[in-house]
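As the structure lists them, so they are numbered: ligands from 1, and atoms in each ligand from 1. From a predicted model like this one, the values you see are computed outputs, not experimental measurements.
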Amino acid sequence: MAQGRLFIFSAPSGAGKTTLLKRVMAELDNLAFSVSHTTRAPRAGEVDGVDYHFVSQERFAAMRDQGAFLEWAEVHGNFYGTSREAVLAQLAQGVDVILDIDVQGAAIVRASQLIDGAFVFISPPSLAELERRLRGRKTDSDETIGLRLRNAAKEMRAAVEYDYLLLNDQLEEAVTVLKAVVLAERSRAHRLPSGQPIVLEGL
Ligand code: ADP
Ligand code: 5GP
């Protein structure tokens, strides 16, 4: 069986990554979301084990020291990490896996060269629109929003490192493009199960 493909998605907080990923996952088969571990407190409506594995600082540090994370980073004052075991198990089953991680984590995965992933950066149309979306979401304090906006400028500079840059202006258009990226990546020649070129009968 062919290995699954790893998709790495990064975006400044509030760009609409969660919204886009939920849509793409609902509309395409064989895609699994890698549930990260975090020390951040759950937001209203977030479910432990679905949105994140919410863990204590102590538990996170113990997992990190055991090498349980494929990558981990401190983002906006909280720790986040990707379970190495969960991701590798899903890829081995032929499932395509989505990592929703920040630019630092993406740089670690890219540098490790352990897995050949497709890197996608999602950008808001402007900083003013990013602020509107963060405020409109009504999940973060003014202080948190300020911190996220300051980090956004830094994160945007990392966009050039990614294979794809997706502008999330009109939602429906962005969903269409994101689905096209996933489908195109699945069709890359090196993804053929045998790894051999296709030879058509009769040619
Ligand atoms: P992220 O996961 O990147 O932090 P969210 O998916 O939570 O961002 O989106 C932030 C807010 O912006 C949400 O209220 C969401 O409904 C809204 N949003 C997402 N995409 C768009 C879009 N294309 N146009 C307008 N609002 C959007
Ligand atoms: P939020 O707190 O808004 O859910 O996420 C904040 C940021 O942390 C986002 O940029 C998100 O992509 C990132 N993030 C979530 N999980 C992980 C992870 O496992 N590793 C890294 N490096 N970043 C993560």
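- Among all protein heavy atoms, the one lying closest to atom 15 (C) of ligand 1 is T19 OG1, 3.7 Å.
- Listed by number with element, the atoms of ligand 1 under 4.0 angstrom from any heavy atom of R137 are 1 (P), 4 (O), 5 (P), 7 (O), 8 (O), 10 (C), 14 (O).
- When the side-chain contact (heavy atoms from CB on, under 4.5 Å) test is applied to Y164, the partners found at least two apart in sequence or on another chain are V120, V181, E185.
- A donor-acceptor contact closer than 3.5 angstrom links the side chains of R137 and T139.
- The minimum heavy-atom distance between P124 and L167, with the atom names listed, is O-CD1, 3.6 Å.
- A cation-pi contact, defined as under 6.0 Å to the ring centre and within 45° of the axis, links R110 to Y162.
- Close approach to D169 involves these atoms of ligand 1, each under 4.0 Å from a residue heavy atom: 22 (C), 23 (N), 24 (N).
- Within ligand 1, counting atoms from 1 as listed, the ones closer than 4.0 Å to a heavy atom of L171 are 20 (N), 23 (N).
- At least one heavy atom of A15 sits closer than 4.0 Å to an atom of ligand 1.
- Residue-ligand proximity: L20 is placed with every non-hydrogen atom at 4.0 Å or more from ligand 1.
- In this structure, S13 counts as a contact residue of ligand 1, since one of its heavy atoms falls inside 4.0 Å of the ligand.
- With contacts defined as side-chain heavy-atom distances shorter than 4.5 Å, the pair V95/L91 does not qualify.
- The aromatic rings of F79 and W72 sit tilted, their planes meeting at an angle between 30° and 60°.
- Between F54 and D48, the closest heavy-atom pair is N-OD1, 2.9 Å.
- Protein residues with any heavy atom under 4.0 Å from ligand 2: A11, S13, K17, S36, R40, R43, Y52, E71, A73, V75, Y80, G81, T82, D100, I101, D102, G105, R148.
- Looking at S10, G14, P12, G16, it is G16 that brings a heavy atom closest to atom 19 (C) of ligand 1.
- Side-chain atoms of Q57 and T39 include no donor-acceptor pair closer than 3.5 Å.
- Near T18, meaning under 4.0 Å from any of its heavy atoms, are these atoms of ligand 1: 1 (P), 2 (O), 6 (O).
- Of the protein's non-hydrogen atoms, N168 ND2, 3.1 Å is the one closest to atom 20 (N) of ligand 1.
- Annotation: side chain of T82 is in contact with side chain of S36 (closest heavy-atom distance under 4.5 Å).
- Between the side chain of N168 and the main chain of I122, no donor-acceptor pair closer than 3.5 Å is present.
- Geometrically, ligand 1 and Q170 share no nitrogen or oxygen pair separated by less than 3.5 Å.
- Between S13 and H76, the closest side-chain pair of non-hydrogen atoms falls below 4.5 Å.
- Within a 6.0 Å radius of CD in E46, more than 12 heavy atoms belonging to other residues, nucleotides or ligands are found.
- Contacts between L134 and ligand 1 below 4.0 angstrom, taking non-hydrogen atoms only, are absent altogether.
- Ranking the protein heavy atoms by distance from atom 11 (C) of ligand 1 puts R133 O, 3.7 Å first.
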